[in-house]
Amino acid sequence: MRLIPFEVSKIWRKRSFLLSMCILFLIHLFLLWYTSLPNEKTAPLSAYKRLQTELSGKNETEKEKYIAGLKEKIDGVCFVQNILAMQSLNDEMGNILAEQELQNNPGVFEKYYDLYQLGDYLKYTVSLEQEQMFIDEIYRQQQKVSGYGEYLRSIQEKKDILSGISVFGGQSGDTYSSRNLQKSAADYAGLTDDNIRFTLSMGITSAMQGIWTDLLLVLGMMLFVGSLITEEKDKKLFFITRSTKNGVLHSIAAKLTALLIHCMLLTALFYAVSIVFFGAGTGWFDPWAAIQSIDVYTESSLSINLFGYILLSVLTKALVLFGIGTVLTVFCIGSGIAILPFLAGASIIGISALLYYLIPAGAVLSVCKYLSPVGLMKTENLYGGYLNFNLFGYPVSRLSLSLGLILLICVAGVIGSLLFFCQMQSFEMKKLRLPVSMLFRPHTSIFRHESYKLLITNRGLFVLLLFAVLLAYQSHDRTYTPSVGEQYYQSMMAELEGGLTDEKELLVLSEKARYEDALQKIEQIDGMVRTGELSGDTADVLKSQANMTLAFYPAFQRVETQYEHIKADGGSFVYDTGYLYLFGILEDVFSFDFMILSVGIVIAISGVISMEFQTGSFFLISATKAGKRKILFRKALICTLMASALTLIPLLCRLYRISSVYPMDSLGTTIRDIPHFSGFPVSMPVLCFILLFAFSQILSMVLVTLFTMAISLWRKNQVQTIFFALLVLAVPMLLKLLGFDIAKWFSLYPLYGWMGMQ
């Protein structure tokens, strides 16, 4: 018992291991935040929290009525948008389709037209597409949970029907299907819908189903196992400890117990953080509600609440980690090369991932899919679903087989570790030598030498590639969907773009006259209502056609603004939507890009100068004044080039993605032709303005680079450099993203995102 805390603290007190755990924990926090970022198809976490607050205190009937009302309203608004989209086609087919829809849904257009025009339908998100997808998702969840009682009755009815058929000789009851129906009915027999309380699933499912969380837990377990045996082998301590009375069985028993404690604590910590993160972001769920209160868990046959589900999930994941860890311990004991256990662990996880994701659910080998280590870690399927395997014509529960297999792996791993440790022959570590030697090519280039040290030796290239992929994916993955009004504006500007001509002026004036006629007609009808000549219902019918025309008036006002500017000051028509997205006027992406760029640059170059102090080579570099100056200049030049290249990646990806939806053809016109920048002090082509904007972003990242290098020179330690640099550069942006907008003034963000701040 005294060896157990010693084995745990021996590893956790190592600075390298503690640093590795801190890095995994920070990556976990980052991925929780990054994977929950909203896009055009997913709502922000605040939407779920706002709805959860509105649903709290309501009973199940009131929840159903409230969500049905949200569904009806958003469907009505979308109906109005679809009618306007059909009419915007300006052809006979579009008008015919619109008339048919209006006849099939009488009164819907008139009821929700004003709401569509005002834009008050956006209650939870920032766009109609997001709002519709969000409410549709919640409606589907609520309908599935509210029908849980009917789901239970249908299972028992199928069993009764089967029993009736068997009595009349229609079916023997000896087939797998009949046995499966009877077993399912027996498993669900004790369940009722008494404790079903509809709960939004986003929070708990996101917290408990994170594939990245499980991967980080596996990495944390592998790091612990790697230190469990290899450290004593590396120090050749087994020559001493195994000669003592209790140096064999007591030692390995304490090590395996320490591994179990590590797996339990690490799993509990990571998932506790996930639950707190999503609980704070989406609203807290009721832990005492039945697990079937979550729509994706309604098929569970367990009579447990959500709190019990969380405890069972954490315990199961920890035991799976422990089982895999004991198998890797066997590899550590038998191997004399430190990297082989990690390769074995990666192989186990890789093969099980292939089995899980490549084998179809209904295939003959589906047992291998669900009983692989990856399948066992998917506790949302284990406890939140229901599945029986066909083993020799008899249904066997996946839950029973999975738990039995987990215990079997743990027991087999423990026994294998004990046997291999007692018969261990390899008491020390061997160095891994490559079968081929790398030829050394002498050179005198300081630039090449410093580039190799920073990019290869200090792994800066790997960090840069990792963050480059992250930034490129985030920028390229964004989708842009033009609204109906935007489509009208785009078609108008396609005809007007360029200098003003008589034909273009006539087009603008004719459109203006059309809208003025519609406004005048509505004003006349309103006047007749005030005098009592028309009733309100009749007026709504008469105004419907004029309202349809005016649906595109806000988009035309953008055209009119450019027309008036050209008439007053000269210039050209410019389709400016793409430029407004690119410069961050219509969406705020610079905060995220700046923080990710800052973190990537800090991590990549944190050791650029501190590595010289840690190896003692800086004293040689400082022997001559010119040598020190040249080395520092080359380091700064290399880091600047790295930062510049990384900065251009999100800008170029966004430029490509935006231009594919919103054409940006007027690069030769002046920036003042874009109404938003009409007051810009310097008249320059749009292309030059884009280059100026890119230069300002590169300059801000160069300053981040030089600041990080200064801290590296000051602290002479890579870990401290990362800490202080992120404290100054990343923390203010994190506070800004959390809602503290004033924090941006305490960073270099105003230089990077000055365009979006206008």
Side-chain angles (χ1 to χ4, degrees), residues 32-33 35-38 42-75 77 115 120-127 130-151 191-210 271-300 302-314 380 383-384 738-739:
L32 288 177
W33 168 73
T35 55
S36 62
L37 289 175
T42 58
L45 298 183
S46 58
Y48 296 90
K49 186 174 184 178
R50 194 176 302 119
L51 180 58
Q52 183 78 7
T53 302
E54 293 172 351
L55 294 178
S56 62
K58 290 182 171 62
N59 58 37
E60 297 309 300
T61 304
E62 292 171 339
K63 290 178 183 178
E64 183 176 3
K65 183 178 179 181
Y66 183 79
I67 294 173
L70 294 176
K71 171 70 172 172
E72 179 184 353
K73 183 174 72 172
I74 201 64
D75 285 346
V77 172
L115 181 63
D120 292 341
Y121 52 83
L122 296 180
K123 189 174 182 180
Y124 302 103
T125 62
V126 296
S127 70
Q130 265 191 349
E131 192 84 6
Q132 182 186 20
M133 291 180 183
F134 172 69
I135 294 178
D136 285 347
E137 173 195 353
I138 301 302
Y139 182 76
R140 287 193 298 269
Q141 293 179 11
Q142 194 279 327
Q143 289 295 301
K144 188 173 182 180
V145 172
S146 64
Y148 181 68
E150 184 63 29
Y151 173 72
L191 298 179
T192 64
D193 58 354
D194 295 338
N195 196 29
I196 302 299
R197 298 192 287 271
F198 172 67
T199 303
L200 301 184
S201 63
M202 177 65 178
I204 188 168
T205 55
S206 299
M208 300 304 298
Q209 296 178 197
Y271 276 99
V273 171
S274 298
I275 291 172
V276 171
F277 178 86
F278 284 103
T282 65
W284 297 100
F285 55 87
D286 183 1
W288 312 117
I291 186 176
Q292 293 83 4
S293 300
I294 303 296
D295 69 302
V296 293
Y297 301 150
T298 52
E299 294 183 1
S300 174
L302 301 179
S303 181
I304 57 174
N305 53 36
L306 293 176
F307 181 72
Y309 162 69
I310 293 173
L311 289 181
L312 285 174
S313 295
V314 171
E380 64 273 14
Y383 299 115
L738 292 175

**OP:** Evaluate the side-chain hydrogen bond (donor to acceptor under 3.5 Å, both in side chains) criterion for residues Glu131 and Tyr121: first the C-alpha distance (whole Å), next the side-chain angles of each, then the deciding distance (0.1 Å), finally the verdict.
**Re:** CA-CA 8 Å; Glu131 192 84 6; Tyr121 52 83; over 6 Å; no
Original post:
How far apart are the C-alpha atoms of Glu62 and Lys65, what are their side-chain angles, what is the distance that settles it, and do they pass the salt bridge (Lys or Arg N to Asp or Glu O under 4.0 Å) test?
Top reply: CA-CA 5 Å; Glu62 292 171 339; Lys65 183 178 179 181; over 6 Å; no
Subject >> side-chain hydrogen bond (donor to acceptor under 3.5 Å, both in side chains) assessment of Glu137 paired with Tyr48 >> reply: CA-CA 11 Å; Glu137 173 195 353; Tyr48 296 90; 2.9 Å; yes
Original post:
Checking side chain to side chain contact (heavy atoms under 4.5 Å, CB included) for the pair Tyr309/Glu380: CA distance, chi angles, key distance, verdict?
Top reply: CA-CA 9 Å; Tyr309 162 69; Glu380 64 273 14; 3.6 Å; yes
**OP:** Please test Phe278 against Thr205 for side chain to side chain contact (heavy atoms under 4.5 Å, CB included), starting from the C-alpha separation and ending with a verdict.
**Re:** CA-CA 9 Å; Phe278 284 103; Thr205 55; over 6 Å; no
**OP:** Under the side chain to side chain contact (heavy atoms under 4.5 Å, CB included) rule, what do Tyr66 and Leu51 come out as? Steps first, then yes or no, please.
**Re:** CA-CA 10 Å; Tyr66 183 79; Leu51 180 58; 3.9 Å; yes
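Looking at Gln292, its side chain never comes within 3.5 Å of a backbone N or O of Asp193 through a donor-acceptor pair. Distance alone, capped at 3.5 Å, places no donor-acceptor pair between the Lys49 side chain and the Leu45 backbone. Between the side chain of Thr282 and the backbone N or O of Gly279, no donor-acceptor pair lies under 3.5 Å. No donor-acceptor pair closer than 3.5 Å links the side chain of Arg140 to the backbone N or O of Asp295. With Gln141 contributing its side chain and Leu200 its backbone, the two residues share no donor-acceptor pair below 3.5 Å.
You'll find the side chain of Ile294 stays beyond 4.5 Å of the side chain of Phe285, heavy atoms only. Proximity of Val273 to Leu32: side-chain heavy atoms (C-beta onward) are separated by under 4.5 Å at one or more points. In this structure the side chain of Lys144 reaches within 4.5 angstrom of the side chain of Thr298, judged on heavy atoms. Counting only heavy atoms from C-beta outward, the side chains of Phe277 and Ser36 approach each other to under 4.5 Å. Between Pro44 and Gln130, the closest side-chain pair of non-hydrogen atoms falls below 4.5 Å.
Taken from CD1 in Ile74 to CE in Met133, the straight-line distance is 11.5 Å, to the nearest 0.5 Å. The distance from the CG atom of Asn195 to the OG atom of Ser303 is 8.5 Å, given to the nearest 0.5 Å. With values rounded to the nearest 0.5 angstrom, Tyr139 atom OH is found 8.0 Å from Glu64 atom CD. Between the CD atom of Gln209 and the OG atom of Ser201 there is a distance of 8.5 Å, given to the nearest 0.5 Å. Rounding to the nearest 0.5 angstrom, the gap separating the OG1 atom in Thr125 from the CD1 atom in Ile135 is 7.5 Å. Rounding to the nearest 0.5 angstrom, the gap separating the NZ atom in Lys123 from the CD atom in Glu54 is 4.0 Å.
Each of Ile275, Asn305, Ile291 was compared with Ile310 under the side chain to side chain contact (heavy atoms under 4.5 Å, CB included) criterion, and only Ile275 meets it.
Taking both residues in full, the closest heavy atoms of Tyr151 and Glu299 are given as OH-CG, 3.7 Å, listed atom of the first, atom of the second, then distance. Heavy atoms only, all atoms of each residue included: Val145 and Ser293 are closest at CG2-O, 3.5 Å. Taking all atoms of both residues into account, the shortest heavy-atom contact from Phe134 to Ala43 is CD1-CB, 3.7 Å.
Aromatic ring centroids of Tyr297 and Tyr383 lie 6.0 Å or more apart.
Using cut-offs of 30° and 60° on the angle between ring planes, the pair Phe307 and Trp288 is tilted.
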